[in-house]
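In what follows, every heavy atom counts, from backbone to side chain, and hydrogens, waters and symmetry copies are set aside.
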Amino acid sequence: MAAELTAPQLIAKHRPTLDQALETIRTRAYWSPHPEHPKAYGENGSLSLPEGKAAFDALQGTRFDLDQPGTDDWVGGEVSPYGPELGITYPHPDIDTLLPAMRTGMRAWRDAGAEVRAVVCLEILSRISARTHEFAHAVMHTSGQAFMMAFQAGGPHAQDRGLEAVAYAYVEQSRTPDAAEWTKPQGKRDPIALNKRFTPVARGISLMIGCNTFPTWNGYPGLFASLATGNPVLVKPHPRAVLPLALTVRIAREVLAEAGFDPNLVCLAVERPGEGIAKTLAVRPEIKLIDYTGSTSFGDWLEANARQAQVYTEKAGVNTVVVESTDDYKGMLANLAFSLSLYSGQMCTTPQNLLIPRDGIQTDAGAKSYDDVVADLAASVNGLLGDDARANGILGALVNPDVKSRLEAAAGLGEVALPSREITNPEFPDAVVRTPVIVKLDGAKPDAEAAYLSECFGPVSFAVAVDSGEDAVDLLRRTVRDKGAMTVGAYTTSEEFSAAVEETCLEECAQLSLNLTGGVYVNQTAAFSDFHGSGGNPAANAALCDGAFVANRFRVVEIRKDA
């Protein structure tokens, strides 16, 4: 097929961005090519806020055609957590037809080389970025995130994570030269000379299984890591969050075709209600890579059963914050209150357990008992969410009825320090909006352990009374080792205690945030600098993003010839 976008054009356009990304993952400094502010869009071909909303509205009630092979039905059924039905139908795949078609373009994609693959991926991300406002509404109305969070996390932050994966993929593929001349001296005899060529070769079709809460942020790393390393990617969205990834697939297919490659290198697989197509696809012999974000039970199933594939999972854990002492009591409370409230706690990084010595802590505001700390934290959450308009902007909506059920059940697990309350969203009266609940538990009681050592996804936190700071570190270690954690936080003024927490997190492979009291929160990470997960504890077997996340998506094949 004729290329409308040539390789030299794409390299000239995107190589500077790739180079900056490569430098940034080396230095771990702050950088992003994707603006975080909504007003930055609307020029140079990007959609403004009204244009993005209009584009989203125009999609509702339509058939989302991708012109991909093997379509045997049209399926849909997304209902916004804010109430409206989207009414969009998507192609359902005949996988016996679709999977072979996806392999057709692999040779040309392989032969293009790592640099061309990288800049094609950057062109895809550039076009997604230009439509950030459209994506923001799509993420908002499939995940329940409030608009500003959907805009940032579903837009520029997700795009950053995709670009980060492309950069790591390029580093790993370019580590070995394309060619080498090899000469071995033989003394008085003529030397042995060989010409060697080294080619990164893809594993095969990559299956990306999307999640409901962060379809783009969690989906883009695996999608772009696989595509940039030469693998076709089959995107299987969560049935309640199809649209953001369907838009992504459409843009990717357009760019691939314009660049002269087979658009079937990226395809979409949407399931019928209750079909469970992810299980069927996961064990197909054509599937060689799987990226998954979601429940521990299905992640464990994938790791145990998809034996033919390299499986990358981000599952769940019990995130823990240890409160031993602080020199900024007010700042600590405000930081924790926001961390517990953001997106109604529906983040895999949100703290669940707050470990507090039962004899209290020392602060810059004087000694505070366990009851004082919990009551003051509850007051801080109430202050943050006291205004309903502000609360709606922070909380968003509960993503599904299971979260609501867990929230309601949590109140019966112990003494409620902060009851959840219902908030009305005037713009979307059908949205289910709830403030967090904080439940007090005694860490020494066996019946409490069953509660705080189980993941309770949503706006639920347990204030666990422990015997001492040392006891808190022991419980932290056991929690991470047995249940996993995406994040750990700690507050202390003691260098000795800080060292103990740090050593625990190093030994158990958990990402630690110490003494956060400002505008950075334990449940947020920055692409190019922070690692999301570690891959070293039960919460996830991969980190977003490091060399290990991309290096095993391809193999280097060597061809030697006598010179």
Side-chain angles (χ1 to χ4, degrees), residues 66 68-72 75 90-107 109-110 117 121 165 169 200-211 215 218-239 242 245-246 248-249 252-253 256 261-272 275-295 297-315 535 540-542 544 548-555 557:
L66 291 171
Q68 64 184 32
T71 297
D72 61 11
V75 295
Y90 305 93
H92 178 276
D94 173 354
I95 58 177
D96 290 326
T97 301
L98 182 61
L99 292 180
M102 292 186 68
R103 292 187 57 86
T104 303
M106 285 185 67
R107 179 176 178 177
W109 189 234
R110 178 200 70 205
R117 287 194 294 271
C121 288
V201 175
R203 289 274 193 170
I205 297 175
S206 178
L207 174 65
M208 193 277 279
I209 303 173
C211 68
N218 280 114
Y220 283 2
L223 191 165
F224 284 101
S226 284
L227 191 60
T229 49
N231 303 277
V233 182
L234 180 57
V235 176
K236 206 300 289 182
H238 191 284
V242 178
L245 292 178
T248 303
V249 170
R253 291 174 62 83
L256 286 164
F261 297 103
D262 189 337
N264 295 325
L265 288 166
V266 179
C267 290
L268 186 73
V270 182
E271 62 188 321
R272 298 185 181 97
E275 183 179 9
I277 197 173
K279 274 193 173 182
T280 303
L281 288 167
V283 295
R284 291 279 299 210
E286 302 95 330
I287 300 298
K288 300 300 182 183
L289 296 160
I290 298 174
D291 288 279
Y292 168 75
T293 299
S295 70
S297 59
F298 190 56
D300 289 345
W301 184 93
L302 288 170
E303 292 172 4
N305 292 278
R307 308 299 299 210
Q308 85 294 346
Q310 175 72 34
V311 179
Y312 300 90
T313 60
E314 183 200 311
K315 297 176 287 188
N541 74 359
L544 306 181
F549 185 68
V550 299
N552 211 19
R553 294 175 190 262
F554 68 96
R555 309 310 296 166
V557 176

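Using a 4.5 Å heavy-atom cutoff, the side chains of V249 and P237 are not in contact. Side-chain contact check for L544 versus F549: some heavy-atom pair is nearer than 4.5 Å. Under the 4.5 Å side-chain criterion, counting only non-hydrogen atoms from C-beta, P200 is in contact with R117.
Atoms CG and OG1, on D72 and T97 in that order, are 8.0 Å from each other to the nearest 0.5 Å. Separation of atoms CG (L256) and SG (C121) is listed at 8.0 Å; rounding is to 0.5 Å. Here the CG atom belonging to L268 is positioned 7.5 Å from the CG atom belonging to L234, to the nearest 0.5 angstrom. Rounded to the nearest 0.5 angstrom, N218 CG and L223 CG are separated by 12.5 Å.
R103 and N264 are not linked by any side-chain donor-acceptor pair at a separation below 3.5 angstrom, with hydrogens and angles left out of the test.
The main-chain N or O of P263 is found under 3.5 Å from a side-chain atom of R253 such that the two form a donor-acceptor pair. Not one N or O on the side chain of N231 forms a donor-acceptor pair closer than 3.5 Å with the backbone of I205.
The two residues R203 and N552 have their closest heavy-atom pair at NH2-OD1, 2.6 Å. Of all heavy-atom pairs spanning A169 and T229, the tightest one is CB-CG2, 3.7 Å. Listed here is the closest heavy atom pair of A542 and Y312: CB-CD2, 3.9 Å. The nearest pair of heavy atoms linking E314 to A540 is CA-CB, 3.9 Å. When all heavy atoms of A278 and L207 are compared, the closest pair comes out as O-CD2, 4.3 Å. The two residues L98 and P69 come nearest to each other via the heavy atoms CD1-O, 3.3 Å.
Between W301 and F298, the ring planes lie parallel to each other; the angle is under 30°, not in the 30° to 60° tilted range.
In this view, Q308 and I287, A306 satisfy the side chain to side chain contact (heavy atoms under 4.5 Å, CB included) rule, not counting sequence neighbours.
Residue R272 qualifies as enclosed at atom CZ: its count of foreign heavy atoms under 6.0 Å is above 12.
Under the side-chain hydrogen bond (donor to acceptor under 3.5 Å, both in side chains) rule, E271 has a single partner from H92, H238, K236, which is K236. Tested against M208 for a side chain to side chain contact (heavy atoms under 4.5 Å, CB included), the candidates L289, I290, L245, L227 yield a single pass: L245.
The salt bridge (Lys or Arg N to Asp or Glu O under 4.0 Å) pairs that include a residue from residues 279-293 are D96-R284, R284-E286, D291-R553, where partners are two or more places apart or lie in different chains.
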